Amino acid sequence: MAGEDDKTSGTAMEAEETTDTTSTTSAKKPTKKKAGGQPSASEEGASPYPDMQLHRRIHQLTVQSEIIDTSDIQTKVADAVVKELENPTLFQSVEKLLGSASPADASAKMKEFETKHESHMKELLAKVEEAKENAGDMEVMDARVQIARFAAKSLSKDQALDAYKDLLELPKISSGKKIDAFMESSRVAAFYGDTVKSDNFIDQAQKIATEGGGGDWDRRNRLKVYRALSKLLARDIKGAATLLIDCIATFSCNEVCSYEEFIVYAILSNLLHLPRPDLKEKILDGPEILSVATDIPIIIKLINALYECDYKQYLHAMVEVEPLLHADPYLHLHAAYWMRELHILAYKQFLDSYQSVTLQAMADAFGVSPDFIDHHASQFIAAGRLTAKIDKFGGTILTNRPDQKNAQYRDMIQKGDLLLNRIQKLARVVDL
């Protein structure tokens, strides 16, 4: 959302989308320097809470990975929850997640926070009533925004979502503000792992942006990132890839993920679906990606190895990528899927160059044993992911390049037969 203390002249609610100004509120933390992407007015006014980087750290505490220093992360999480957010509900949730009991003084401090928050919420509700009596719709909305953002910072998930619901039920609220509220609601739900509600809020925001024609260009652009990350969680990698690559040059959604993390998502998802020429143009030579290449060396190593057909290096890079997948909250659910698809991608690219090739030659190219190639390739062939067959006696893999034209012809015949059968059944019903 835009600034919480906006003061816009006039009575037209739509004018607020172009005249919003940002001021400091109780639910706003100090501005951080951007890691990348393009600055935007609506992003600057977006609520920093819930903090999705904190969500990432909490997730990392639950996974076993050699690349994660859990002691350092645990300290950062504890400091954020107790000192910055002062959130008793989140404190209890993290405590339960880690299976550790808190010191007595920490529990006492949480009790103090609950009392403090109850008092502060009464003050905020009083502001709403005062605005209703003595001010206009804009002031009422601003007061509701403050309540929602305070709840997202220091109260429970249900209290935060209820506060955003109250905001959305205001009689006069612009489509842009509704999109902001739905996006922030989706972050609250995602922070606590409720992907169903998060997806629902994103769908409602998208409906306003498309059917209602609401929201400015920047809000729609940020909404693309929300939708892309939602698709990653749902394993719709192709759908996510399309949205992510559209936003590379205009990324302005740092409240959800950093620019480097966004680029990792864009590279991995498009690696599975972009043709080689587009991969070279849009990823390998993309200026935005080159600008952060030194910050994501493992991912760059992976894509360069594939493009240069250095399959031995590619497999080494895959081994280094796997811990990154497990440590990421948007990729860990389907880490096994990602690893399988990366394997298949390399095998397909290698076999496309041959009509037949020995298992030994392929094993040498990948830097593994022939038995390793035989085991994995046979699984992919059986699953219909590789169009080849293995001659175990001769120690070779024979590729069967599908005839696209004949495949389309057979598909048309099958669908035609199915349609005729349905028409005949319908005709019998009509005759009766």
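Only this structure's heavy atoms are used, side chains among them; waters, hydrogens and symmetry mates stay out. Keep in mind it's a predicted model, so treat the numbers as computed, not measured.
- H376 and Y347 have perpendicular rings, their planes meeting at more than 60° on a 0 to 90° scale where under 30° would count as parallel.
- No side-chain donor from either of Q206 and Y226 sits under 3.5 Å from a side-chain acceptor of the other.
- Ring geometry for H120 versus F150: interplanar angle over 60°, hence perpendicular rather than tilted (30 to 60°).
- Using modelled atom types, one finds no donor on one side chain facing an acceptor on the other under 3.5 Å when comparing E123 with Q146.
- The closest side-chain donor-acceptor pair between Y265 and D328 falls under 3.5 angstrom.
- In this structure, the side chain of N270 engages the main chain of A266 through a donor-acceptor pair within 3.5 Å.
- With ring centers used as reference points, Y164 lies 6.0 Å or more from F201.
- Counting heavy atoms of neighbouring residues, nucleotides and ligands inside a 6.0 Å radius, atom CD of E169 exceeds 12 of them.
- Here the two rings, on Y49 and F191, have centers that are 6.0 Å apart or farther.
- Between D216 and R219 there is a salt bridge, since a side-chain N of the basic residue sits under 4.0 Å from a carboxylate O of the acidic one.
- Note on D352 versus K348: no salt bridge recorded, every NZ/NE/NH1/NH2 to OD/OE distance being 4.0 Å or above.
- Each of R385, H273, H334 was evaluated against E341; a single residue qualifies, R385, per the side-chain hydrogen bond (donor to acceptor under 3.5 Å, both in side chains) test.
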